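Heads up, the thing below is written out as structure tokens.
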Amino acid sequence: MRTELYIDGRWVKPAQGRTFAVINPATEEVIHHAPAATAEDVDAAVKAARRAFDKDGWPKLSGSQRAVYLRAIANGIRARQAEIARLEVIDNGKPFPEADWDIADAAGCFDFYADLAVQLDNNPEEPIALADGRFTSKAVKEPLGVAGAIIPWNYPLLMAAWKVAPALAAGCTIVLKPAELTSLTALELGAIAEEAKLPPGVLNIVTGAGSVAGQAIIDHPGIDKLAFTGSGPVGSKIMAAAARDIKRVSLELGGKSPFVVFDDADIGEAVEWIMFGIFWNQGQVCSATSRVLVQEGIYDRLLARLVEEAGKIKIGNGLDEGVLLGPLVSKRQYEQVVAAIEAGRSAGATVACGGKPPEGVDKGYYLEPTILTDVPLDSDAWREEIFGPVVCVRPFSTEEEAIALANDSRFGLAAAVMSKDDVRAERVAAAFRAGIVWINCSQPTFTEAPWGGYKESGIGRELGRWGLENYLETKQITKYVSEDPWGWYVKPVVRA
Ligand code: NAD
């Protein structure tokens with residue numbers, strides 16, 4: 001486990017020599033002391049990224065040349081996949097198979113953006129047809145500069161990959177700050193970049209508190225773009241900070257995503273997807289389908305089956321065989337989720353199952369899978385993101401009612417619908433006001449497809465070619481090609 005920051009291609013002690021404790025949420029033990037960056041460290045990281053962008057030539061490399069580094073990073077991740085997945089488990093708490101999946105996905109993300117970097121060489125410019133034949137014009141894409149990336153703790157390495165890979169592919173340099181709860185694998189990414197011989201300053205990694213290191217990033221005038229994934233309140237702060245000097249900004253924020261199940265759906269399949277949609281990663285998933293709307297005809301049977309299946313989920317240390325639900329990431333997160341369940345109960349909700357730690361557990365931030373029913377529509381339990389293994393289930397009668405309930409939210413990240421009637425499913429999918437819509441499933445995520453939210457769930461899209469666009473500027477180049485020596489502008493003036 002790393003004890004230093006990765007700045008300008010070197011491992012350096014934080015300027016003020018501070019560290020912070022890393023706690024394993026399964027055991028509550030302090031497993032490491034990570035370096036705590038302050039504004040001085042962030043300044044050094046931004047200066048290195050600036051130099052790598054402005055002088056050292058990273059953006060001048062061809063896409064194919066940059067792709068070589070990206071593929072080397074992908075291979076470096078894969079070469080240490082099990083070891084990195086284990087670090088993710090002891091840092092974040094998630095079950096090992098989930099962490100293993102995340103790490104493979106992170107490697108795949110670097111490969112995907114390596115391919116897109118090569119494509120940038122193949123399509124360097126787009127001709128523009130002008131109505132005025134005395135000019136030709138074209139649009140070219142250019143890397144936009146130095147990016148500051150701030151990420152959350154729920155998918156530590158994967159969220160880093162979603163930002164670092166497209167930024168490097170585009171020709172940007174980057175300063176990355178992982179969440180203070182999960183610093184371990186981001187620092188390993190620095191080691192992998194070093195082994196891949198990524199030029200100094202192209203990727204810099206500063207660990208530390210959001211209010212210190214994160215704040216220093218968003219305030220730094222040397223940064224051209226802020227790429228953020230995290231909570232809405234911090235997203236607002238970032239947008240306000242970006243407004244001061246018109247930094248580019250992309251935000252991936254929270255959600256309270258609906259899952260609409262019609263009564264022609266197979267109950268067993270629906271229950272599987274509902275569980276995947278809310279209990280995966282202990283429900284600490286921005287796109288978790290945490291509001292389930294079930295048509296009246298199957299409501300009672302589906303709810304009974306869901307409660308039964310939720311009760312079978314094996315809870316425990318993510319390193320233990322067969323565990324499907326680990327601890328929540330921290331004591332604070334655990335307390336917030338329990339408080340949200342209690343607030344729901346006080347507002348009139350019924351706890352159909354869960355809502356408490358599993359029997360006989362005295363260490364670790366464990367919480368049973370929790371199902372709430374009779375949740376009032378104006379309660380926080382229905383309207384606010386809980387970010388834990390807590391699902392609200394409610395009956396509906398008509399398609400119109402389901403759509404209205406689904407869209408009645410200030411968020412718009414994801415939504416899901418399940419029905420054997422494909423025409424109806426497509427109609428409901430079209431009616432959802434959300435950036436990610438699933439039909440007959442919940443949560444499958446693909447590097448090729450755009451990811452991001454409507455409304456207060458964010459601005460911009462990650463992944464796919466949209467993710468690359470986040471790190472590119474568009475330049476128009478227009479040429480006067482007429483044989484008439486008098487210019488377009490001066491001619492009418494001088495000859496008049
Ligand atoms: P958070 O907003 O508390 O923290 C996110 C990051 O911001 C951390 O690195 C933190 O250190 C940093 N930060 C905090 N204060 C800061 C400040 N003043 N200036 C700069 N940086 C600061 O969020 P979290 O608790 O880590 O993550 C959970 C949230 O993230 C949830 O709301 C979830 O929905 C959201 N999320 C969204 C997506 C998505 O793709 N839309 C993905 C994962 C998580």
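Excluded from the calculations below are hydrogen atoms, water molecules and symmetry mates; all remaining heavy atoms, backbone and side chain alike, are included. All values reported here derive from a predicted model rather than from experimental measurement.
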Apply ring-ring contact (aromatic ring centres under 6.0 Å, His included) to Y69 and W58, showing your working.
CA-CA 11 Å; Y69 293 103; W58 177 254; 5.5 Å; yes
Tell me if the aromatic rings of W162 and Y113 count as close, with their centers under 6.0 Å from one another.
no
Do other residues, nucleotides or ligands put more than 12 heavy atoms under 6.0 Å from the CD atom of E321?
no
Using the ring of each side chain (for Trp, its six-membered ring), is F387 parallel, tilted or perpendicular to W153, with breaks at 30° and 60°?
perpendicular
Determine yes or no for a side-chain-to-main-chain donor-acceptor pair under 3.5 angstrom, with T445 supplying the side chain and Q443 the backbone.
yes
In the structure I gave you, are the side-chain heavy atoms of M418 and E269 within less than 4.5 Å of one another anywhere?
yes
Please report the shortest heavy-atom distance between R465 and L116, naming the atom on each side.
CA-CD1, 3.8 Å
Within a 6.0 Å radius of atom CZ on R18, are there more than 12 heavy atoms belonging to other residues, nucleotides or ligands?
no
CD of E272: more than 12 outside heavy atoms within 6.0 angstrom?
no
Pairwise distance CG(L184) to CG(L189) - rounded to 0.5 angstrom
13.0 Å
Side chain to side chain, V285 and Y155, heavy atoms closer than 4.5 Å
yes
Does the side chain of F279 reach to within under 4.5 Å of the side chain of T370, using non-hydrogen atoms?
no
Mind checking whether V206 and I7 have side chains closer than 4.5 Å, heavy atoms only?
yes
Does NZ belonging to K314 count more than 12 external heavy atoms closer than 6.0 Å?
yes
Parallel under 30°, tilted from 30 to 60°, perpendicular over 60°: which one fits the rings of W451 and W438?
tilted
Using a 6.0 Å distance limit plus a 45 degree cone around the ring axis, check whether K225 lies over the aromatic ring of Y471.
yes
Taking all non-hydrogen atoms of both residues, which atom of L176 and which atom of A186 are closest, and how far apart?
CD2-CB, 4.4 Å
Q81 (side chain) donor-acceptor with D100 (main chain) under 3.5 angstrom
yes
Name the residue from D224, T173, D56 that meets the side chain to side chain donor-acceptor pair (under 3.5 Å) definition with R50.
D224
Are the side chain of Q282 and the backbone of L328 linked by a donor-acceptor contact shorter than 3.5 Å?
no
Sub-3.5 Å donor-acceptor pair from the side chain of D266 to the main-chain atoms of G268, do we have one?
yes
Flag the pair K163 / I151 as yes when at least one side-chain heavy-atom distance between them is below 4.5 Å, and no otherwise.
yes
Counting C-beta onward and ignoring hydrogens, is there a side-chain heavy-atom pair between K13 and P35 closer than 4.5 Å?
no
In the structure I gave you, are the side-chain heavy atoms of L168 and R66 within less than 4.5 Å of one another anywhere?
no
Got a sec, which residues hit side-chain contact (heavy atoms from CB on, under 4.5 Å) with I278, two or more places apart in sequence or on another chain?
A288, S290, V391
Looking at R71 and D115, does any basic side-chain N land under 4.0 Å from a carboxylate oxygen?
yes
Would you indicate whether the side-chain heavy atoms of R461 and N470 approach each other to under 4.5 Å?
no
Inter-residue atom distance L413.CG - S287.OG, 0.5 Å rounding
6.0 Å
So does K455 have more than 12 non-hydrogen atoms from other groups sitting under 6.0 Å from NZ?
yes
Could you check, using the six-membered ring where one of them is a Trp, whether W11 and Y6 have ring centers closer than 6.0 angstrom?
yes
